[in-house]
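Here the structure is laid out as structure tokens; the discussion comes afterwards.
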Amino acid sequence: MFDLVCIGCGATYQSDAVIYTCKKCGHLLEVRYDLANINITRKDWQKRPISVWRYRELLPVAGEPVTLQEGGTPLYHLKRIGDELGIKELYAKHEGMNPSGSFKDRGMTVGVSMALQLGMKSVACASTGNTSASLAVYGAKAGIPVIVLLPSGKVALGKVAQALMHGAKVISINGNFDRALEMVRDLCETKGIYLLNSVNPYRLEGQKTIGFEAIDQLNGEVPDRMVLPVGNAGNISAVYKGLIELSELGFIDKMPMMTGIQAEGSQPVVRAIKENLPEVIPEGSPETVATAIRIGAPVNAEKVLHAIRMSKGTADYVTDAEILAMQRDLAQKEGIGVEPASAASVAGVKKLVEAGVIDHDERIVCVVTGHLLKDPETVIKQCAPPIECGATLESLLSALQL
Ligand SMILES: Cc1ncc(COP(=O)(O)O)c(C=O)c1O
Ligand SMILES: N[C@@H](CCOP(=O)(O)O)C(=O)O
């Protein structure tokens with residue numbers, strides 16, 4: 001049993017309403033369960049395979065979900081990078097190992113399942129790339145038409161390729177992501193299409209399972225800190241919400257400090273946290289090599305400020321150079337291939353440890369959000385090209401300088 005509840009005025013809407021923000025005050029909505037009547041234990045969950053659907057008592061879908069076995073992603077111990085930073089327990093939850101290569105799949109398995117449950121006939125999103133790739137994949141699985149709006153020239157190649165190949169109608173907008181999101185919201189409102197950006201409260205329910213899994217993978221230990229890259233700010237807000245639910249169920253006895261990392265050229269949330277502003281002031285022209293988080297007007301602004309402040313976390317920015325350096329470190333020192341936005345979380349830890357904000361004895365889980373191959377162009381630009389070689393052993397030895 002659950003309702004949709006406005007986080008501003010507390011107005012309640014029934015679970016079958018197709019609604020994204022409060023009709024009375026315009027604030028965001030969240031799914032609220034009747035936790036007192038949920039009969040499940042952590043042990044029951046642990047008997048099931050690790051995946052989004054392990055936690056189905058805390059998800060809104062009633063029937064069979066549209067699933068491609070999302071979740072159950074590895075939690076890697078970052079041994080070398082941790083040693084360099086003097087942190088014994090530094091982990092990366094590799095969300096790039098989801099079916100479409102990003103955490104968005106956790107949201108889409110729930111969001112697209114809800115679209116069908118609500119009788120919707122088509123779905124849409126605006127995207128910096130991963131949301132569109134994931135929606136195209138789950139739309140294909142569900143057999144429902146998909147429309148995606150992308151900021152022209154600002155989406156990594158792998159993500160566009162996925163949206164096209166999985167059969168979405170791909171529209172390239174002459175404007176940035178924030179404008180594309182405004183446009184798709186209008187489109188969905190006008191044409192009765194189901195909106196699957198993170199303003200959709202059901203989609204975020206799937207994403208909260210990142211936190212559930214991390215704790216299960218740490219044998220029930222709650223991390224002191226969870227660090228996530230922040231763009232539209234849905235993911236960090238979702239993880240926080242999920243952990244509050246675990247706490248209310250009595251499954252955990254503390255909350256991690258939620259820590260959001262943005263890029264220097266796109267840091268409205270960081271500014272709001274550092275300057276203790278009551279709300280996030282949008283940035284007009286966000287810019288960063290990490291195109292996934294090139295977002296100036298995060299739609300989940302209210303939720304992320306609440307999550308960071310209530311958990312006594314923090315937010316900071318990293319430069320593009322720091323992001324790319326950590327992308328290389330993760331690849332070459334840990335064998336973990338992530339896209340630039342994902343490396344921002346670990347780069348943020350490095351910065352905050354060096355600044356003395358993060359203690360060396362903290363247990364830290366960084367969420368690395370998308371796979372290396374999403375953005376091959378940024379990878380190629382950073383690496384020396386292959387060494388050309390004739391087809392003889394002599395040429396090979398010469399090329400290898402052996
Ligand atoms: C790879 C990647 N990392 C991080 C983010 C940021 O997540 P959020 O928008 O939920 O803050 C996104 C997309 O938004 C993304 O695609
Ligand atoms: N990085 C995102 C931006 C859209 O965020 P959403 O969570 O609101 O869908 C993307 O991959 O498009």
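Note that ligands are numbered from 1 as they come in the structure, with each ligand's atoms numbered from 1 the same way.
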Study note, to complete from the structure: Counting from 1 in the order shown, the ligand 2 atoms closer than 4.0 Å to a non-hydrogen atom of Asn232 are 5 (O), 6 (P), 8 (O)
Review point. Is Ser198 near ligand 1, meaning one of its heavy atoms is under 4.0 Å from it?
Key: no
Exercise for review: Could you tell me whether Glu377 and Lys381 make a salt bridge, using a distance below 4.0 angstrom between a side-chain N and a carboxylate O?
Suggested key: no
Review point. Contact between Cys125 and ligand 2, counting heavy atoms under 4.0 Å?
Key: no
**Study point:** Part of Thr131 with heavy atoms under 4.0 Å of ligand 1, whether side chain, backbone, both or neither
**Key:** neither
Review point. To the nearest 0.5 Å, how far apart are CD in Glu339 and CG in Leu372?
Key: 9.0 Å
Exercise for review: Could you see which bit of Ala292 sits under 4.0 Å from ligand 1, with heavy atoms only: side chain, backbone, both or neither?
Suggested key: both
**Study point:** Pair Glu30 + Arg32, salt bridge at N-O below 4.0 Å
**Key:** yes
Check your understanding: Is it true that a side-chain atom of Gln262 and a backbone atom of Val230 form a donor plus acceptor pair closer than 3.5 Å?
Key -> yes
Check your understanding: Quick check: does Asn197 get an N/O under 3.5 Å from an N/O on ligand 2?
Key -> yes
Practice item. Would you check if the side chain of Arg225 reaches a backbone N or O of Pro256 as a donor-acceptor pair within less than 3.5 Å? Key: no
Exercise for review: State, with a plain yes or no, whether a side-chain heavy atom of Tyr20 is found less than 4.5 Å away from one of Val299.
Suggested key: no
**Study point:** Part of Lys374 with heavy atoms under 4.0 Å of ligand 1, whether side chain, backbone, both or neither
**Key:** neither
Check your understanding: Where the closest heavy atom to atom 7 (O) of ligand 2 is concerned, which of Met108, Lys159, Arg203 has it?
Key -> Arg203
Check your understanding: Any idea which part of Ile295 is under 4.0 Å from ligand 2, heavy-atom wise: side chain, backbone, both or neither?
Key -> side chain
Exercise for review: Could you check atom 1 (N) of ligand 2 against the protein and tell me its nearest heavy-atom contact, residue, atom and distance included?
Suggested key: Thr128 OG1, 2.7 Å
Point to revise | Any N or O of Asn235 closer than 3.5 Å to N or O of ligand 1 | key: yes
Review point. Are any of the N or O atoms of Val299 closer than 3.5 Å to those of ligand 2?
Key: no
Practice item. State plainly whether the residues Arg294 and Glu287 are in salt-bridge range, i.e. N to O under 4.0 Å. Key: yes
Review point. With a 4.0 Å cut-off on heavy atoms, does Gln207 reach ligand 1?
Key: no
Study note, to complete from the structure: atom 4 (C) of ligand 2: closest protein heavy atom, distance to 0.1 Å, is Phe177 CZ, 3.4 Å
Check your understanding: Can you tell me which residue and heavy atom of the protein come closest to atom 5 (O) of ligand 2, and the distance to 0.1 Å?
Key -> Lys104 NZ, 3.4 Å
Review point. On the ring face of Phe103, is Lys93 found with NZ or CZ under 6.0 Å from the centre and within 45° of the axis?
Key: no
**Study point:** N or O contact, Glu339 vs ligand 1, cut-off under 3.5 Å
**Key:** no
Study note, to complete from the structure: ligand 2 to Ser127, heavy atom cutoff 4.0 Å, flagged ligand atoms 10 (C), 11 (O), 12 (O)
Review point. Checking Tyr202 side chain against Ala115 main chain: does a donor-acceptor pair fall under 3.5 Å?
Key: no
Point to revise | Parallel, tilted or perpendicular, as decided by the 30° and 60° cut-offs, for the rings of His306 and Tyr240 | key: perpendicular
Revision key, fill the gap. Here the pair of heavy atoms bringing Arg106 nearest to Thr73 is NH2-OG1, 3.1 Å
Check your understanding: What atoms of ligand 2 come closer than 4.0 angstrom to any heavy atom of Ala292?
Key -> 1 (N)
Review point. With a cut-off of 4.0 Å, which atoms of ligand 2 are near a heavy atom of Asn130?
Key: 10 (C), 11 (O)
**Study point:** Salt bridge present between Lys159 and Asp375 (N-O < 4.0 angstrom)
**Key:** no
Study note, to complete from the structure: The protein heavy atom nearest to atom 11 (O) of ligand 2 is Thr131 N, 2.8 Å
